There are 2 protein chains.
Amino acid sequence: MANIQQVAKQAGVSVATVSRVLNGQNKVALKTKQKVEEAIKDLNYEPSMLGRNLRNSESRIVLILIPAISNPFYFEIIKGIENMALSQNYSILLCETDSKPEKEDIYFDLVRKKMADGIISMDPAVNVETLKELAGKYAIIQCSEYGGDIGIPYVTIDNEEASYRAVKHLIQIGHRKIALMNTDEKFLYARERKSGYQRALAEYGIPVIEDYMLYTQHLGFEQGQQAMKKILALPDRPTAVFAVSDLLAIGALKEINAAGLHVPNDMAVVGFDKIDFSNMTNPTLTTIAQPMYKMGTVAAGMLIDLIRGEQVDSVILEHELIIRESTSG
Amino acid sequence: MANIQQVAKQAGVSVATVSRVLNGQNKVALKTKQKVEEAIKDLNYEPSMLGRNLRNSESRIVLILIPAISNPFYFEIIKGIENMALSQNYSILLCETDSKPEKEDIYFDLVRKKMADGIISMDPAVNVETLKELAGKYAIIQCSEYGGDIGIPYVTIDNEEASYRAVKHLIQIGHRKIALMNTDEKFLYARERKSGYQRALAEYGIPVIEDYMLYTQHLGFEQGQQAMKKILALPDRPTAVFAVSDLLAIGALKEINAAGLHVPNDMAVVGFDKIDFSNMTNPTLTTIAQPMYKMGTVAAGMLIDLIRGEQVDSVILEHELIIRESTSG
DNA sequence: CTGAAAGCGCTAACAG
DNA sequence: CTGTTAGCGCTTTCAG
């Protein structure tokens with residue numbers, strides 16, 4: 001566990017010189033440089049980031065806040081963030097908040113205590129007030145989920161438009177009785193997706209039926225099953241359902257199946273997110289693809305700019321409708 | 001961004017005293033303590049972990065090495081690790097290695113450079129040599145996947161026995177033609193699970209048929225489909241298959257379904273890991289449950305002991321066979 | 001091109 | 001019970 005002093009001594013130079021060859025910015029005579037490098041090798045020296053970070057008042061760590069690590073929706077985004085971060089010599093701390101303020105706070109403390117240089121928040125249930133307050137002092141980006149224009153830069157897709165296209169697709173293949181499996185409207189994206197759903201119906205002169213709009217507490221498989229049960233029990237049963245998450249849609253699929261009905265003949269299904277499993281179901285799931293990976297790299301890039309003190313603007317990325325078996329017999 | 005000096009000045013005490021109330025170990029007069037706490041509040045002071053960590057030569061960060069973040073197998077383990085780590089004031093850095101030495105090395109560097117205090121490795125493809133070398137200088141635990149008794153403490157289950165029980169279950173419900181969907185035998189657990197498979201067959205006097213043992217490169221859904229295709233094409237077709245991962249088994253399920261066959265009547269299926277999705281398939285999947293969460297807490301506990309310089313021993317945890325629809329008509 | 005020295009923010013002897 | 005002081009390991013002026 002050699003330190004920079006010992007290297008300096010061994011090489012017969014000052015610590016400043018060792019530091020210079022370590023960072024490669026300043027000019028060092030070739031001969032001196034070689035001496036130092038030899039000493040480094042001899043002593044098996046590894047520079048300590050603890051020392052460097054304290055000196056530079058940075059940690060080179062960024063936090064990613066997600067509600068649950070098991071949610072497949074985040075995988076590609078995280079990969080994007082990670083790759084961008086690594087390329088700029090940042091490491092990422094993946095923080096599962098369980099959407100609980102207490103856990104959130106543990107991680108917020110990390111940035112308050114300088115153990116993290118910034119935060120990418122993907123938790124829709126994050127405490128917006130705390131976030132706003134933190135954003136005043138620290139670098140923060142909202143990714144995918146965001147609380148609206150609250151002065152914190154975000155990267156996301158146009159949820160209203162995506163939802164509109166999904167529903168329009170269902171209408172165009174002949175459906176007029178279309179259910180919406182949405183989540184709690186306290187989330188902005190839930191409101192936006194509902195709005196897109198209504199716009200599509202309106203455009204084709206289809207009335208909005210309250211009973212066709214379901215709300216689930218979470219975006220999980222079980223919630224999808226339960227909601228589908230309710231839909232199937234409706235007196236004037238819909239012939240299609242648009243779920244605002246793939247997991248919801250997959251739960252619906254299973255329930256339709258269990259009821260002895262056929263997808264898409266008896267009930268067409270559209271999901272949202274294009275998670276890996278959406279391709280493993282039977283039938284495969286029509287869904288909205290978000291440019292996850294890119295969203296991650298963009299968010300990470302924005303955050304690093306913010307850390308550097310640069311000005312950053314919010315970004316809206318493109319999405320795509322992926323038509324698969326659950327809407328095409 | 002006040003520092004400890006300013007707090008000391010404001011409170012009219014020395015930095016040592018501030019440090020004492022911060023850490024609460026040493027006795028400080030109540031009155032002094034109150035003065036300090038007031039100053040802390042006044043200045044909105046947050047102690048910097050950068051300073052503290054450098055002084056204490058620790059980072060209070062532990063690394064978790066996993067091949068892919070999207071593998072549901074690891075979710076509960078990670079949760080276990082995280083909760084135990086948080087309770088001891090450690091944060092976890094989740095590192096996706098993609099089973100690539102280059103990426104591994106980026107993360108190994110973090111412990112070499114003192115940005116991490118230890119590693120929990122769950123990557124079966126990890127470079128055992130590098131790991132052994134690192135284990136000489138740093139705290140390292142192997143969790144779930146391990147390279148055998150190479151002197152690095154591990155926590156795992158008895159893979160041979162688990163496999164044995166799974167196959168025995170299939171035999172007991174009447175199967176004698178049982179395929180094994182295994183992965184590359186370079187992995188210890190693959191060899192162990194094969195061995196359990198063979199022991200069960202031997203116990204019932206069933207000959208081992210080479211053609212019934214398949215090997216896939218990865219433990220994914222597609223590999224399960226492909227392997228199942230081969231099994232279905234076998235001249236003397238098996239009536240049951242034991243797959244060493246749920247994802248493999250789920251792929252098999254889909255393929256059997258696509259072939260118009262029925263599970264479990266035409267083909268019984270057993271998986272391994274009890275991932276969440278194993279309960280969402282149709283039919284639900286019989287599988288081996290590992291005590292994931294506990295495995296995580298135990299691994300984290302061991303690692304922290306190791307960091308503290310204590311002696312730790314390897315642990316073998318219990319497993320359980322979960323019988324569901326894919327083996328019970 | 002190189003060295004001396006200050007200091008990032010904190011903790012822990014040591015002395016009182 | 002409290003203050004003084006010496007670093008933890010590194011980077012960066014400032015001189016030379």
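Just so we're clear, the structure is a prediction, and the values are computed from it rather than from any experiment. A, B, ... follow the sequence lines: proteins, then strands. Residue 1 opens every chain.
Of the possible polar contacts, one joining the A:Asn3 side chain to the A:Gln5 backbone as a donor-acceptor pair under 3.5 Å is found. Side chain of B:Asp105 to backbone of B:Pro101: no donor-acceptor contact under 3.5 angstrom is found.
The NZ-P distance, from A:Lys114 to C:dG9, rounds to 8 Å in whole Å. Rounded to a whole Å, the NZ atom of B:Lys33 is 20 Å from the C1' atom of D:dG3. The separation between A:Ile4 atom CD1 and D:dT12 atom P is 11 Å, rounded to whole Å. Straight-line distance from the CD atom of B:Glu58 to the P atom of C:dC10: 15 Å, rounded to whole Å. For the pair B:Arg60 CZ and C:dT11 P, the computed distance is 12 Å after rounding to whole Å. The distance between atom CG of A:Leu54 and atom C1' of C:dA6, rounded to the nearest whole Å, is 13 Å. Protein atom CZ of A:Arg20 is 15 Å distant from nucleotide atom P of D:dC10, rounded to whole Å. Spacing between atom CD of A:Glu46 and atom P of D:dG9 amounts to 14 Å, rounded to whole angstrom units.
At the phosphate of C:dC8, neither OP1 nor OP2 sits under 4.0 Å from any side-chain N or O atom of A:Asn53. For C:dG9, the OP1/OP2 oxygens have no side-chain nitrogen or oxygen of B:Ser48 closer than 4.0 Å. Proximity of A:Thr17 to the phosphate of C:dG3: a side-chain N or O atom is located under 4.0 Å from OP1 or OP2. Remark: B:Arg52 is in phosphate contact with C:dT11, judged by side-chain N or O atoms under 4.0 Å from OP1 or OP2. Neither OP1 nor OP2 of C:dG9 sits under 4.0 Å from any side-chain N or O of B:Arg55.
Of the candidate nucleotides D:dC1, C:dT11, C:dC10, C:dC10 has the atom nearest to the side chain of B:Asn3. Side-chain proximity of B:Thr32 to the nucleotides D:dT11, C:dC1, D:dT2 is greatest for D:dT2. Minimum atom distance to the side chain of A:Ser14 is reached by C:dG3, of the listed D:dC10, C:dG3, C:dT11. Set against C:dA4, D:dT2, D:dC1, the side chain of B:Lys27 has D:dC1 as its closest nucleotide. With C:dC10, C:dG3, D:dT2 as the candidates, the nucleotide lying closest to the side chain of A:Val13 is C:dG3.
Note: A:Met302 CE to A:Gln142 CD = 9.5 Å, rounded to the nearest 0.5 Å.
If you check every strand for non-hydrogen atoms under 4.0 Å, B:Leu50 touches nothing. Within the 4.0 angstrom heavy-atom criterion, no nucleotide atom of any strand lies near A:Val18.
A donor-acceptor contact closer than 3.5 angstrom is absent between the side chains of B:Asn127 and B:Glu104. For the residue pair A:Asn53/A:Ser59, the side-chain donor-acceptor check at 3.5 Å is not satisfied.
Summary of the strand contacts: B:Lys31 and A:Ala16 both lie near DNA chain D, and taking for each the nucleotide with the nearest heavy atom, the more 5' one is attributed to B:Lys31.
Within a 6.0 Å radius of CD in A:Gln88, more than 12 heavy atoms belonging to other residues, nucleotides or ligands are found.
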